[in-house]
Amino acid sequence: SKGTYEFYMLKEICEQPTVLHHLAQTYLDQAGTPQVDPKITTGLSRADRIYIFAAGTSYHAGLVGKEIIEELTEIPTEVAFASEAGYHFPILSQHPFFIFLSQSGETADSRVVLQEAIKRKIPCLTLTNVPNSTLAREANYAMSLEAGPEIAVASTKAYIAQITVEAILAKAVGEKLAKKRAKDFLLKENLALAAEGIEQVLSTQDKIAQLAQKYLVSSRNAFYIGRGIDYPVALEAALKLKEVSYIQTEGFAAAELKHGTISLIEPGTPVIALINDPLTADLMRGNIQEVIARGAKVITIASQSLAKANDDIVLTNLNYYLSPLISVVAAQLFAYYTSKIKGLDVDKPRNLAKSVTVE
Ligand code: M6R
């Protein structure tokens, strides 16, 4: 039940610290070593390329997962929309390994790819929140996302669970391949920090609601911008906002704006900037100035170590690759409050169902 929450979406956003603790307990031992079925770790460690298939928010979790998997295992990783890959199958490496990401485990688009993969005898792993779902049963291997039932149509806690399980897998496989970066990756510590960081974002809800009221609620369009790992987060943040608030929102790799889309920026256009990548933080500040010069109203979400005095939302410092676990929560709350203030049915946006079982 929703308990004291007005909507499931907010309840599920607030459950995220618990989800991270639970995943750490389920998949990491006391010393922080991943506890994953050795058949899965061995299968992945033998792959010369990993292919991730998903849709919507799960696809966005795949884009973040690619970064983590490549960093910790050095295995090249591709991410594709299941709906596209099903009919335009990717050219495969010699030893491919497929990962399917799906909260529901029932997405028809993903099932088409899985069926073809089974025919071709490609090893397949499903990460899903519904252990007995179709995609879990039909794949060779399955791992549970352990996020608990997700009722709101907008996916929140399943996204951070997917990123976390991808990180657990990446560390397990990287350690098996004796990669130093995998050994040095302090996953357990960072998950504990992420849980605290999410609590801290949750404590800024009033401020987020005020900013939503001031800049988003009466706007027709909006942008999220980010570089590095903030780019896939910008895509997810934009999907969240448009899905529940009906404000047309685009997620952009920040520097790409000036290659065309900046012409859409008008006085008052809201631009939400994510600043969590130390390598590009200064460049982000430049990109922010470019849109301010065209009249944009900018909201900034920055890691503490990169933050400036006027930033709106300051996030707990975390390993760069895991920073989406915290930054996305601010975006989830912007989406939630914008929808709620507009008086919309936050949990059941128009035209949408929780799982998409048609192609
Ligand atoms: O159950 P799945 O993860 O396979 O669903 C994929 C998408 O349909 C889903 O993530 C959708 O984009 C959400 N409504 C986004 O909030």
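No hydrogens, no waters, no symmetry mates; every other heavy atom, side chains included, goes into these values. This one's a predicted model, so the numbers in the text were calculated from it and none came from an experiment. Ligands are counted one by one from 1 in listed order, and the atoms in each one are counted from 1 as well.
Under the 4.5 Å side-chain heavy-atom criterion for Ile, Leu, Val, Met, Phe, Trp and Tyr, L333 and V328 are members of the same hydrophobic cluster.
Both tests pass for R350 against the ring of Y246: distance under 6.0 Å to the centre and angle within 45° of the axis.
Contacts with ligand 1 closer than 4.0 Å are made by side-chain heavy atoms of T107 only, the backbone lying farther away. Under 4.0 angstrom from ligand 1, there are no non-hydrogen atoms of E106. Of all the heavy atoms of S355, none lies under 4.0 Å from any atom of ligand 1, so neither backbone nor side chain is involved.
Comparing E243, K354, E236 against atom 16 (O) of ligand 1, the shortest heavy-atom distance belongs to E243.
In this model, a donor atom of one side chain and an acceptor atom of the other lie less than 3.5 Å apart for N276 and D230. E71 and Y321 are linked by a side-chain donor-acceptor pair at a separation below 3.5 angstrom, with hydrogens and angles left out of the test. Side-chain contact, Q162 with Q103: no donor N or O sits under 3.5 Å from an acceptor N or O.
Of the protein's non-hydrogen atoms, T57 OG1, 3.0 Å is the one closest to atom 15 (C) of ligand 1. Taking atom 1 (O) of ligand 1 as the reference point, the nearest protein heavy-atom neighbour is S104 OG, 2.7 Å. Shortest contact from atom 6 (C) of ligand 1 to any protein heavy atom: A55 O, 3.4 Å.
Residue contact check: S102 has heavy atoms under 4.0 Å from atoms 1 (O), 2 (P), 3 (O), 4 (O) of ligand 1. Counting atoms of ligand 1 from 1 in the listed order, those under 4.0 Å from a heavy atom of K240 are 15 (C), 16 (O). Counting atoms of ligand 1 from 1 in the listed order, those under 4.0 Å from a heavy atom of S58 are 2 (P), 3 (O), 10 (O).
By the 30° and 60° cut-offs, the orientation of the rings of F53 relative to F89 is parallel.
In this structure, A154 has a heavy atom closer than 4.0 Å to ligand 1.
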task: Could you go through the side chain to side chain donor-acceptor pair (under 3.5 Å) check for Y87 and E359 one step at a time?
output: CA-CA 11 Å; Y87 297 91; E359 282 183 55; 2.4 Å; yes
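Listed by chain and number, the residues in a ring pair (Phe, Tyr, Trp, His ring centres under 6.0 Å) with Y59 are F81 (sequence neighbours excluded).
Residue V356 places no N or O, backbone or side chain, under 3.5 Å from any N or O of ligand 1.
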